[in-house]
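Sequence positions, counted from 1, serve as the residue numbers for this chain.
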Amino acid sequence: MADSHAKHHDYHLVDPSPWPIVASVAALATAIGAIAWMRTAGVHSDGLWGITGPWLFAMSFVALCFVSYMWWADIVKEAHKGDHTPVVQLHLRYGMIMFIASEVMFFVAWFWAYFDAALFPAGTLQPENVSQVIGMVQRNEVTGGQWPPQPSESFTSTFDPWGLPLVNTLILLLSGVTVTWAHHALLENNRSQLIMGLVCTVLLGMIFTACQVYEYGHAAFHFSGNIYGATFFMATGFHGAHVVIGTIFLFVCLIRALKGHFTAKQHFGFEAAAWYWHFVDVVWLFLFAAIYVWGAGANAGVGH
């Protein structure tokens with residue numbers, strides 16, 4: 001009878017938790033607040049959403065961060081209790097692989113938008129009658145039928161890819177080396193080099209973000225008013241957001257490493273962070289090759 005509650009299998013039955021439903025509500029409220037805020041941004045509005053949108057977004061986002069912290073803290077406790085058996089760790093890896101696959105498709109949408117505009121700057125729609133032309137802006141009217149678009153009030157030139165974008169590329173590639181260094185140090189139980197590698201990776205991630213903020217501040221085009229700016233900032237901006245998230249991910253791993261959480265045989269949290277960081281590196285290489293180099297045009301860097 002004393003052994004009736006012992007676990008005789010490799011699976012972990014999760015304890016009842018309030019975090020899934022609370023996280024769902026917080027995420028929904030965050031999305032509603034963000035949409036309301038964006039719809040009323042820059043517009044004088046005394047309506048309900050114009051007033052409550054920013055506050056709803058801020059409070060819901062703080063709640064979402066709190067729930068994330070508490071939920072992941074529970075998962076860390078499960079790992080320390082021995083609930084993450086090899087079979088459970090395998091399933092966690094499958095989950096992370098599926099998450100990264102969904103992120104790949106997320107970026108496919110931004111690349112699709114960019115290449116659709118770049119390969120067909122004059123547009124592909126051919127109206128069959130005059131009624132279809134009414135209210136429709138032809139793409140060649142805003143691009144001049146060329147890519148990069150013709151200079152306008154909201155677009156002067158693209159970035160020189162061999163300036164700061166190249167420096168940022170080298171920074172991210174170096175960060176991929178340092179996170180791999182940290183991983184191999186962990187596998188060899190070399191905790192000092194693990195910590196050193198994570199410190200270098202986090203610092204490089206912060207430097208990359210700072211360089212991209214500086215780059216945005218010196219862009220010769222705007223987000224609105226031209227199709228190049230819209231596709232550029234959506235693709236590189238979401239990548240920048242992923243860099244920030246990955247940096248936080250690795251910083252948490254650094255704190256856990258300082259507390260001695262990881263071992264050579266059990267370190268899925270760090271492994272997931274390393275996979276995510278390598279994904280961010282690969283996406284940037286595609287962004288650099290497609291947007292900065294291939295799409296630079298003849299007047300890249302003019303006016304910077």
Side-chain angles (χ1 to χ4, degrees), residues 93 96-119 147-148 157-184 197-221 223 227-251 253 270-301 304:
R93 288 183 173 87
M96 191 64 190
I97 290 172
M98 295 303 294
F99 169 71
I100 292 177
S102 70
E103 290 288 278
V104 170
M105 299 310 299
F106 177 80
F107 278 99
V108 164
W110 306 124
F111 279 106
W112 191 308
Y114 179 82
F115 280 112
D116 178 68
L119 296 175
W147 194 265
S157 67
T158 62
F159 284 106
D160 178 7
W162 311 117
L164 190 56
L166 177 60
V167 173
N168 258 352
T169 302
L170 297 177
I171 290 172
L172 267 192
L173 290 177
L174 181 58
S175 71
V177 173
T178 56
V179 76
T180 303
W181 167 33
H183 191 195
H184 282 281
L198 280 172
V199 168
C200 292
T201 308
V202 170
L203 289 176
L204 288 169
M206 295 171 65
I207 293 172
F208 176 91
T209 301
C211 289
Q212 192 163 40
V213 169
Y214 176 85
E215 178 185 83
Y216 279 7
H218 292 76
F221 48 86
F223 178 85
I227 193 170
Y228 182 90
T231 54
F232 174 89
F233 283 116
M234 291 301 289
T236 61
F238 270 110
H239 175 268
H242 282 70
V243 171
V244 173
I245 294 170
T247 303
I248 296 172
F249 201 171
L250 289 167
F251 181 71
C253 289
F270 172 74
E271 194 172 11
W275 288 358
Y276 187 85
W277 196 252
H278 288 309
F279 158 74
V280 169
D281 286 353
V282 172
V283 170
W284 176 258
L285 290 178
F286 279 101
L287 285 172
F288 178 72
I291 296 180
Y292 285 97
V293 178
W294 179 78
N299 297 320
H304 293 293

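- C200 SG to I207 CD1: the interatomic distance, rounded to the nearest 0.5 Å, is 9.5 Å.
- For the residue pair G295 and T158, the shortest heavy atom distance occurs at O-CG2, 3.9 Å.
- Side-chain N or O atoms of T201 include one that pairs as donor or acceptor with a backbone N or O of V179 at under 3.5 Å.
- Contact detail for A117 and I227: the closest heavy-atom pair is CB-CD1, 3.6 Å.
- The aromatic rings of F238 and F106 sit perpendicular to each other, their planes meeting at more than 60°, with 30° as the lower class boundary.
- The distance from atom CD1 of I291 to atom NE2 of H239, rounded to the nearest 0.5 Å, is 10.5 Å.
- Here the OG atom belonging to S175 is positioned 11.0 Å from the CG atom belonging to L170, to the nearest 0.5 angstrom.
- Expressed to the nearest 0.5 Å, how far CG of L198 lies from CG of L203 amounts to 11.0 Å.
- Sequence neighbours left out, the pairs with a member in residues 204-216 that pass side chain to side chain donor-acceptor pair (under 3.5 Å) are E215-Y292, Y216-T236.
- With contacts defined as side-chain heavy-atom distances shorter than 4.5 Å, the pair L119/W147 does not qualify.
- Among pairs with a residue in residues 271-283, those fulfilling salt bridge (Lys or Arg N to Asp or Glu O under 4.0 Å) read R93-E271, at least two apart in sequence or across chains.
- Taking every heavy atom of both residues into account, P165 and W284 meet most closely at O-CZ2, 4.1 Å.
- With F288 as reference, T169 is the one residue of N168, T169, L172 to meet the side chain to side chain contact (heavy atoms under 4.5 Å, CB included) rule.
- Here the closest non-hydrogen pair linking M234 and W110 is CE-CH2, 3.2 Å.
- Rounded to the nearest 0.5 angstrom, W181 CH2 and L174 CG are separated by 10.0 Å.
- Side-chain atoms of L173 and L285, non-hydrogen and from C-beta on, do get closer than 4.5 Å to each other.
- Ring geometry for Y228 against F221 counts as perpendicular: the plane angle is over 60°, on a 0 to 90° scale with 30° as the lower cut.
- Taking the side chain as every heavy atom from C-beta outward, V167 and I171 approach each other to under 4.5 Å.
- When every heavy atom of V243 is checked against every heavy atom of W277, the shortest pair comes out as O-CZ3, 3.6 Å.
- With rounding to the nearest 0.5 Å, the separation of NE2 in H242 from OH in Y276 is 4.0 Å.
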Pair F107-F286, side chain to side chain contact (heavy atoms under 4.5 Å, CB included): steps then yes or no:
CA-CA 10 Å; F107 278 99; F286 279 101; over 6 Å; no

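- Closest non-hydrogen pair, P161 versus V293, comes out as CB-CG2, 3.9 Å.
- Taking the six-membered ring where tryptophan is involved, the planes of Y114 and W294 are perpendicular, since the angle between them exceeds 60° and thus also 30°.
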